[in-house]
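Note that the structure is predicted; figures quoted are calculated from it, not measured. All heavy atoms count here, side chains included; hydrogens, waters and symmetry mates do not.
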Amino acid sequence: MKICKYIIGLFALVGIMTSCNKDNIGGIYTPYTQNVSFESDEAVNILTSESTAEFTIRLVRNVSKGEYTAHYTFDTESEGIFTDSNEGVITFADGQSVAVISMSASNMEKGAEYTGTLTLSDEDIETADTIIGNPTFITTVTVMCDYEWEVAGKCTFTDYTFAETGTTAEGVTILHAAGTNIYRIIQPFIAAYGEGEEGFSSDTGITFTLNNDYSITFVTNGGTVATADQYDFVWDDQYVPDYCNIVNVGNIYQCSMLGLVSGSGYYTGFAFDFEWTEGWPGN
């Protein structure tokens with residue numbers, strides 16, 4: 001019986017605990033260096049509808065006794081966007097184990113993503129005490145000024161990737177980025193298969209531009225059209241044009257492409273179509 005095994009195991013554990021040799025117990029390890037580290041290797045990831053944003057990055061240390069000044073550099077290719085109020089210098093007060101760097105982003109354009117990297121100085125890195133952990137010496141900042149999205153209509157979405165006969169969802173929302181020709185289908189895979197254990201837990205949706213002839217062009221993230229859990233829909237018409245196609249007849253769009261599963265190995269057969277049933281600009 002399971003309960004008997006549990007009781008016997010408990011008695012055995014008590015016997016081990018009471019019979020151990022206390023002479024072999026060593027002292028508790030105490031850190032003796034500052035061990036300055038960024039709290040995370042991805043300090044900030046902000047999506048905002050505003051052209052400005054304020055944010056903070058946290059630095060931590062293991063020894064809080066005494067005042068300590070840390071130095072860092074901030075590198076970015078986005079000129080005139082980021083402002084570092086601390087200008088590369090941050091001080092831990094006596095008794096303080098966390099110090100906060102204050103930064104801001106401004107002059108951001110709609111739909112644009114801006115990134116930067118903070119790196120601790122060599123002198124601060126030398127304080128690392130790797131016995132007690134894995135300090136983070138480099139961290140990234142990503143800020144994006146999102147479009148102002150408005151409802152543009154509905155579509156009937158059918159996926160052929162995970163079901164040979166297709167799985168269909170009706171009334172899937174399409175949004176429009178105000179002032180642009182950019183549109184986004186909202187979570188079509190969750191709409192088709194459901195959310196949770198029986199369906200998908202994440203779905204980035206599908207973003208595209210609507211051209212003058214009412215054809216579409218996908219807006220990709222590093223070649224990725226959409227991601228649903230571990231499945232990436234990948235568009236690469238330069239090297240594998242035979243597998244990447246969009247065919248539209250009026251408001252019906254048939255799309256096929258390659259796919260990645262858990263980030264490795266390309267597969268064919270990733271395909272879906274959608275019929276823009278409400279709000280199609282070509283009407």
Side-chain angles (χ1 to χ4, degrees), residues 46-51 107-114 142-163 166-193 195 200 202-229 231-260 268-283:
I46 293 177
L47 177 64
T48 176
S49 59
E50 304 297 328
S51 61
N107 305 314
M108 293 189 293
E109 296 181 3
K110 292 288 185 182
E113 184 178 89
Y114 305 93
T142 303
V143 183
M144 181 177 180
C145 180
D146 201 6
Y147 297 105
E148 294 179 8
W149 295 97
E150 55 191 15
V151 176
K154 303 283 186 180
C155 73
T156 297
F157 179 85
T158 303
D159 174 73
Y160 298 96
T161 305
F162 310 108
T167 300
T168 298
E170 298 181 355
V172 180
T173 299
I174 298 178
L175 299 182
H176 174 228
T180 75
N181 65 335
I182 298 175
Y183 294 80
R184 178 182 293 167
I185 304 174
I186 300 300
Q187 296 188 329
F189 300 100
I190 286 179
Y193 294 97
E195 187 172 12
F200 291 99
S202 64
D203 182 350
T204 61
I206 300 165
T207 303
F208 60 88
T209 58
L210 184 67
N211 304 316
N212 292 333
D213 60 356
Y214 302 110
S215 65
I216 66 171
T217 302
F218 289 123
V219 177
T220 69
N221 180 12
T224 300
V225 173
T227 297
D229 287 354
Y231 302 99
D232 293 326
F233 289 71
V234 180
W235 185 266
D236 193 344
D237 58 349
Q238 180 177 355
Y239 294 104
V240 285
D242 292 342
Y243 296 108
C244 297
N245 296 284
I246 302 174
V247 177
N248 78 287
V249 178
N251 63 330
I252 300 175
Y253 299 84
Q254 299 173 329
C255 313
S256 61
M257 62 207 71
L258 295 177
L260 280 174
T268 60
F270 278 56
F272 56 80
D273 64 36
F274 65 95
E275 181 180 0
W276 199 331
T277 54
E278 297 180 24
W280 185 56
N283 286 332

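- Taking a 6.0 Å sphere around CD of Glu150, one finds it holds more than 12 heavy atoms contributed by other residues, nucleotides or ligands.
- Side chain of Thr173 to main chain of Ile186: no donor-acceptor pair is present (N/O by atom type, distance under 3.5 Å, no hydrogens or angles).
- Checked by atom type and distance alone, the side chain of Asn251 pairs as donor or acceptor with a backbone atom of Trp276 at under 3.5 Å.
- With rounding to the nearest 0.5 Å, the separation of OG1 in Thr268 from CG in Leu258 is 7.5 Å.
- Side chains of Cys155 and Tyr183 form no contact here, defined as non-hydrogen atoms less than 4.5 Å apart.
- Here the closest non-hydrogen pair linking Glu109 and Tyr114 is N-OH, 2.9 Å.
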(request) Could you please spell out the steps behind the side-chain contact (heavy atoms from CB on, under 4.5 Å) verdict for Met257 and Phe218? (result) CA-CA 11 Å; Met257 62 207 71; Phe218 289 123; 3.8 Å; yes
(request) Let me see the working for Ile185 and Phe274 under side-chain contact (heavy atoms from CB on, under 4.5 Å), right down to the final yes or no. (result) CA-CA 10 Å; Ile185 304 174; Phe274 65 95; 3.8 Å; yes
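- Across all their heavy atoms, Ala226 and Gly205 have their closest contact at CB-O, 3.3 Å.
- Distance CD/Glu278 to OG1/Thr156: 8.5 Å, rounded to 0.5 Å.
- Under the side-chain contact (heavy atoms from CB on, under 4.5 Å) criterion, Asp203 pairs with Gln187, Pro188, Phe189, Ile190, not counting sequence neighbours.
- Of the inter-residue distances, the one linking Asp237 atom CG with Asn245 atom CG reads 9.0 Å to the nearest 0.5 angstrom.
- Between the side chains of Tyr160 and Asp273, at least one donor-acceptor pair of N or O atoms lies under 3.5 Å.
- Between the side chains of Ser49 and Asp146, no donor N or O sits under 3.5 Å from an acceptor N or O.
- Annotation: the span from Asn221 atom CG to Thr207 atom OG1 amounts to 9.5 Å, rounded to 0.5 Å.
- With values rounded to the nearest 0.5 angstrom, Tyr253 atom OH is found 5.5 Å from Leu210 atom CG.
- At least one side-chain heavy atom of Tyr193 sits under 4.5 Å from a side-chain heavy atom of Asp159.
- Without hydrogens or angle criteria, Asn211 side chain to Asp213 main chain gives no donor-acceptor distance under 3.5 Å.
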(message) Using the rule given for side-chain contact (heavy atoms from CB on, under 4.5 Å), can you reason through Asn248 versus Ile216, listing the C-alpha separation, both sets of side-chain angles and the distance that settles it, and then say yes or no?
(response) CA-CA 8 Å; Asn248 78 287; Ile216 66 171; over 6 Å; no
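- For the pair Thr158/Thr167, no side-chain contact is recorded, criterion being any heavy-atom separation below 4.5 Å from C-beta on.
- Of all the heavy atoms in Ala152 and His176, the pair that sits closest is CB-CB, 3.7 Å.
- Using a 4.5 Å cut-off on side-chain heavy atoms (C-beta onward), Leu175 and Tyr147 make no contact.
- To the nearest 0.5 Å, atom CD of residue Glu275 and atom CD of residue Gln254 are 10.5 Å apart.
- In this structure, Ser202 contributes its side chain and Asp229 its backbone to a donor-acceptor pair below 3.5 Å.
- For an aromatic pair to be called close, the ring centres must be under 6.0 Å apart, and Phe208 with Trp235 fails this.
- A distance-only check finds no donor-acceptor pair linking the side chain of Thr217 to the backbone of Thr209 [under 3.5 Å].
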(request) Would you sort out whether Phe233 and Ile206 count as a side-chain contact (heavy atoms from CB on, under 4.5 Å), showing the intermediate values? (result) CA-CA 10 Å; Phe233 289 71; Ile206 300 165; over 6 Å; no
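- Looking only at distances, no side-chain donor or acceptor of Ser51 sits under 3.5 Å from a matching main-chain atom of Met108.
- With a 4.5 Å cut-off on side-chain heavy atoms, Glu113 and Val143 do not count as touching.
- Counting heavy atoms from C-beta on, the side chains of Lys110 and Thr180 never come closer than 4.5 Å.
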